[in-house]
> 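Here you go, one structure.
Because the structure is predicted, anything quoted here is derived from the model rather than measured. Just the heavy atoms: all of them, side chains too, but no hydrogens, waters or symmetry mates, feed the values below.
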Amino acid sequence: GCAALSRGETDLMLVGGAHLTHDLTFWATFCQLGALSRTGVIKPLSEDADGILAGEGVGMAVLKRLDDALADGDRIYAVIEGAGSSSDGRSASLVAPSVSGQRIALEKAWSNVPFTRDEIGLVEAHGTGTPTGDGIELETLGEFFGPHQGASARPVIGSVKSMIGHAMPASGMASLIKTALSVYHGVLPPTLHCDKPHARLSATRFRTIGRSEPWTQP
């Protein structure tokens, strides 16, 4: 959607994600993968995380070029400065994330961002609640953004999956909506069930919060 707008192919894009599948095959597949939470609680970014819980949903957003949105008097929730994706075909499999593949996506997304890595205030993580996936993601973020420095408060990391479960492609849209609303309202949102953060979080510049906080960063 962003690419089509930047190329001038369209003046408005409706983008979204949907997941409305709770059939037996879906659950059997994740059960065979050993990815379902045995405790029945999804705990993204937690040391006690033991797997996913699936959710359903549909999310949509309207994208326009900023100049057009301003000229039309639209309500603007947030501005997307960069986007990137990566599928590292040299990795073991689709369900085995790699730091190198995730770094490629971050570097693509960050290439046009008009602020530095030190100015980041919030990261909405993939945060599935699987020990392997969360660990790899935190390692990637630690490498890309570096450790926390200085006396200022650490930026926040979180995952909407702690509240709605893993709704597959709809989770990505929920994450975008959550982040846009966080920017719009100036609120750092909480992540549930993370009383004991993952051990690798301490090597990053980020922190989790269990209750919302004002987002006072410029």
> Can you check whether Ile157 reaches Thr204 side chain to side chain, under 4.5 Å on heavy atoms?
no
> Look at the side chain of Glu213 and the backbone N and O of Leu188, then say whether any donor-acceptor pair between them is shorter than 3.5 Å.
no
> Do we see a donor-acceptor contact under 3.5 Å between the side chains of Thr179 and Glu124?
no
> How about Lys43 and Asp134: do any of their side-chain heavy atoms sit closer than 4.5 Å?
no
> On a heavy-atom basis, which atom in Met163 and which in Pro190 lie closest, and how many Å separate them?
CE-O, 3.2 Å
> Membership question, hydrophobic clusters at under 4.5 Å side-chain separation (ILVMFWY): are Ile136 and Leu138 in the same one?
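No, Leu138 does not connect to Ile136 through the hydrophobic network.
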> Look only at the side chain of Glu81 and the backbone of Asn112, and say whether a donor-acceptor pair between them is shorter than 3.5 Å.
no
> How close do Gly59 and Ile177 get, counting heavy atoms only, and between which atoms?
CA-CD1, 4.3 Å
> Quick one: sort the Trp110 and Phe115 rings into parallel, tilted or perpendicular, breaks at 30° and 60°.
perpendicular
> Please report the interatomic distance CE(Met168) to NE2(His19), rounded to the nearest 0.5 Å.
5.0 Å
> Is there a donor-acceptor pair under 3.5 Å between the side chain of Arg205 and the backbone N or O of Pro155?
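Flag not set: sc Arg205 to bb Pro155 has no pair under 3.5 Å.
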> Using atom types as modelled and distance alone, determine if a side-chain donor or acceptor of Ser86 lies under 3.5 Å from a backbone N or O of Gly101.
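Checked: pair present.
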> Are the side chains of Val62 and Leu14 in touch, meaning some heavy atoms are under 4.5 Å apart?
yes
> Any donor and acceptor pair, going by atom type alone, linking the side chain of Asp50 with main-chain N or O of Ser37 inside 3.5 Å?
no
> Got a second to check how far Arg154's CZ is from Thr208's OG1, nearest 0.5 Å?
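Taking CZ in Arg154 and OG1 in Thr208, the distance rounds to 10.5 Å.
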> Over all heavy atoms of both residues, which pair between Val58 and Ala170 is shortest? Give the atoms and the distance, please.
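Scanning both residues, the minimum pair turns out to be N-CB, 4.5 Å.
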> Under a 4.5 Å side-chain heavy-atom rule over Ile, Leu, Val, Met, Phe, Trp and Tyr, are Val160 and Leu192 clustered together?
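They do share one cluster, since a chain of ILVMFWY contacts under 4.5 Å joins Val160 to Leu192.
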> Contact between Leu141 and Leu106 at the side-chain level, heavy atoms closer than 4.5 Å - yes or no?
yes
> Is the number of heavy atoms from other residues, nucleotides or ligands under 6.0 Å of Leu24 CG greater than 12?
no
> Can you name the nearest heavy-atom pair linking Ser159 to Gly127, along with the distance?
OG-O, 2.9 Å
> Any side-chain heavy atom of Trp215 within less than 4.5 Å of one from Val156?
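Of all side-chain heavy-atom pairs linking Val156 with Trp215, none is under 4.5 Å.
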> Given the rule that I, L, V, M, F, W and Y join up when any side-chain heavy atoms are under 4.5 Å apart, are Val183 and Ile80 in one cluster?
no
> Nearest 0.5 Å please: distance from the CZ atom of Arg65 over to the OG atom of Ser6.
8.5 Å
> Hey, does Leu70 have a side-chain heavy atom less than 4.5 Å from the side chain of Ile76?
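Side chain of Ile76 against side chain of Leu70, heavy atoms only: contact under 4.5 Å found.
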> At what distance, to the nearest 0.5 angstrom, does CG of Leu63 lie from CG of Leu5?
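Result: 6.0 Å between the selected atoms.
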> Roughly how far apart are Gln102 CD and Phe144 CZ, rounded to 0.5 Å?
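Gln102 CD to Phe144 CZ: 12.0 Å, rounded to 0.5 Å.
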> Indicate if Leu45 and Ile209 have the same hydrophobic cluster label, given that clusters are the connected sets of ILVMFWY residues with side-chain heavy-atom separations under 4.5 angstrom.
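Per the 4.5 Å side-chain linkage, Leu45 and Ile209 are not co-clustered.
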> With a 4.5 Å cut-off on side-chain heavy atoms, are His193 and Ser46 touching?
no
> For the atom pair CG (Asp195) and CG (Asp48), what is the distance rounded to the nearest 0.5 Å?
8.5 Å
> For Glu139, is there an ion pair with Arg200 - N to carboxylate O distance below 4.0 angstrom?
yes
> What is the ring orientation for Phe26 with Phe30, classed by angle as parallel under 30°, tilted 30 to 60°, or perpendicular over 60°?
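Answer is tilted, since the angle falls between 30° and 60°.
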> Using every non-hydrogen atom in the two residues, find where His22 and Gly55 come nearest and quote the distance to one decimal.
NE2-C, 4.0 Å
> Taking 4.0 angstrom as the limit, do Asp11 and Lys64 come out as a salt bridge?
no
> Looking at side-chain heavy atoms only, is the closest gap between Leu53 and Leu36 below 4.5 Å?
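The answer is no, as the side chains (C-beta and beyond) never meet within the 4.5 Å cut-off.
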> Who passes ring pair (Phe, Tyr, Trp, His ring centres under 6.0 Å) against His166, sequence neighbours left out?
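Partners of His166 under the ring pair (Phe, Tyr, Trp, His ring centres under 6.0 Å) test: His126.
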> Could you state whether Met60 and Leu176 fall into the same hydrophobic cluster, counting links through intermediate Ile, Leu, Val, Met, Phe, Trp or Tyr residues with side-chain heavy atoms under 4.5 angstrom apart?
no
> So which heavy atom on Thr21 is nearest to which on Glu56, and how close?
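Smallest heavy-atom distance, with atoms named: N-OE2, 3.3 Å.
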